[in-house]
Protein chains: 2
Amino acid sequence: MASQSIDRPGPAATRELSPVDGLAQLSFVIHRLLERRAAEHDLSIIQMRLLGVLRDRRPTMNELGRLLALDKSSVSGLVERAERRGLVARAPSPADGRAVLVSLTDHGRSLVSDVSSQFGADVFALLNRLSASDRRALSRLVSRLLVAHAADLEIDLFPSIDID
Amino acid sequence: MASQSIDRPGPAATRELSPVDGLAQLSFVIHRLLERRAAEHDLSIIQMRLLGVLRDRRPTMNELGRLLALDKSSVSGLVERAERRGLVARAPSPADGRAVLVSLTDHGRSLVSDVSSQFGADVFALLNRLSASDRRALSRLVSRLLVAHAADLEIDLFPSIDID
DNA sequence: TATTGTTATACTCTATAACTATA
DNA sequence: TATAGTTATAGAGTATAACAATA
């Protein structure tokens, strides 16, 4: 976890987190940035993920469950609450009489767009603490890591990247 | 968010995520690693954070609320459920008749230790996708970023680092 | 009076199980 | 029969408000 003791170099030396602790800490910081921005618009992380997934898809409830890794009953509740707020809309599938298609409303689209850009700005501001060359180096290393990780999981990282 | 289109370099070139998308993606990947390991022991992220915070502290309920950024009533419920599972113990404070001190039980300590080391191994395995020199460089950059960020927030990153 | 903590209440989020309607 | 979706129910997690006990 991020709670272990750290080796301390000399008193005045620049201290460095262990690689594991550093990544864990960073992940919490970024997660909290999104949580905070979403909360400003009364959105939970999962509501935000729902809207994010719908930005470039019009899935059935069933597909939504796979995309968000939720049980179909959880999806029913999640979509119901989002629909009540006017963020998404449900429509019967023309292709399958049992299925329901879920899509963003204009309001939902503008909301997810706002939160996304605010969150992006937060991350950008965080990255701005580094020099331009450090930033470029970090970005390259992170990409390399994610590409390798995605390959492991046989996930396509590029056609459309979501918060699933 | 992590759902924006990405600039695509040449067809065969090595693609790279935007800095913002890369960090966001990485943060989600790592968050999910912890979530999965904790779930294997029937722990939620917040229960895991509770145990993590208690590894080197014996706070009051009130302090716990500040450490975890939760309302005191939320802390009551959280600690109650953890206590029912035998993971933490409550004791009256000798110093203040109103206060309650919360600490890990042996079971709680061994549990948080297990999950932490499993999670650490997961992150290590992820990092292992990079060469040793890339890994070192990434670690250094991440540390630099977090140190700057902690300084902004006037947080002491080193005496004892937790998941708060 | 102010602070610490618990309890009552309400809502979100999640899963399991039972159900309806369609394929 | 199998699949898509909803509903009933139960529990974790969160917050607000009202309360009791102590400072």
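Quick note on labels: first sequence line is chain A, next is B, and so on, each numbered from 1.
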Tell me: [atom1] of [X] to [atom2] of [N], nearest whole Å?
| X | N | atom1 | atom2 | value |
| --- | --- | --- | --- | --- |
| B/Arg66 | C/dT3 | CZ | P | 12 Å |
| A/Leu43 | C/dC11 | CG | P | 18 Å |
| B/Leu64 | C/dT4 | CG | P | 14 Å |
| B/Arg90 | C/dT6 | CZ | P | 5 Å |
| A/Ile45 | D/dG13 | CD1 | P | 17 Å |
| A/Leu70 | D/dA4 | CG | P | 16 Å |
| B/Asp42 | C/dA15 | CG | C1' | 13 Å |
| A/Glu83 | C/dT12 | CD | P | 14 Å |

Among [options], which is the nearest nucleotide to the side chain of [X]?
| X | options | value |
| --- | --- | --- |
| A/Gln47 | D/dT14, D/dT16, C/dC13 | C/dC13 |
| B/Leu78 | D/dA4, D/dT14, C/dA8 | D/dT14 |
| B/Arg98 | C/dT3, C/dG5, C/dA23 | C/dT3 |
| A/Asp71 | D/dA4, C/dA15, C/dT6 | C/dA15 |
| A/Asn62 | D/dG5, C/dT14, D/dT6 | D/dG5 |
| A/Ser44 | D/dG5, C/dT14, C/dC13 | C/dC13 |
| A/Ala99 | D/dG5, C/dT4, C/dA23 | D/dG5 |
| B/Lys72 | C/dT4, C/dC13, D/dG13 | C/dT4 |
| A/Ser73 | C/dA15, C/dT12, C/dT7 | C/dA15 |

Phosphate contact (C/dT6 OP1 or OP2) by B/Ser76 side-chain N/O below 4.0 Å: yes
Phosphate contact (C/dC11 OP1 or OP2) by A/Arg81 side-chain N/O below 4.0 Å: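 A/Arg81 to C/dC11 OP1/OP2: no side-chain N or O under 4.0 Å.
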A/Ser73 side chain to A/Asp71 side chain, donor-acceptor N/O pair below 3.5 angstrom: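 The criterion, which ignores hydrogens and geometry beyond distance, is satisfied for A/Asp71 and A/Ser73.
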Sugar-phosphate only, base, or nothing, as touched by A/Thr60 at under 4.0 Å among non-hydrogen atoms: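 It contacts sugar-phosphate atoms only.
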Sugar-phosphate, base or nothing in reach of B/Gly77, heavy atoms under 4.0 Å: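 Since no nucleic acid heavy atom lies under 4.0 Å of B/Gly77, the category is nothing.
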Which residue lies more 5' along DNA chain C, comparing A/Ile46 with A/Asp96 via nearest heavy atoms: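 Looking at DNA chain C, the more 5' nearest nucleotide goes with A/Ile46.
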B/Phe28 and A/His31 aromatic ring geometry - parallel, tilted or perpendicular at 30°/60° bounds: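 Because their plane-to-plane angle is over 60°, the rings of A/His31 and B/Phe28 count as perpendicular.
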Salt-bridge present (A/Arg32, A/Glu35; N to O < 4.0 Å):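 Between A/Glu35 and A/Arg32 there is no salt bridge, as every charged N stays at least 4.0 Å from the carboxylate O atoms.
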Under-4.0 Å salt bridge between A/Arg36 and A/Asp122: yes
Linked, directly or transitively: B/Leu68 and B/Leu54 (ILVMFWY side chains, under 4.5 Å):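 Same cluster.
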Transitive ILVMFWY side-chain link A/Met48 to A/Leu70, under 4.5 Å: yes
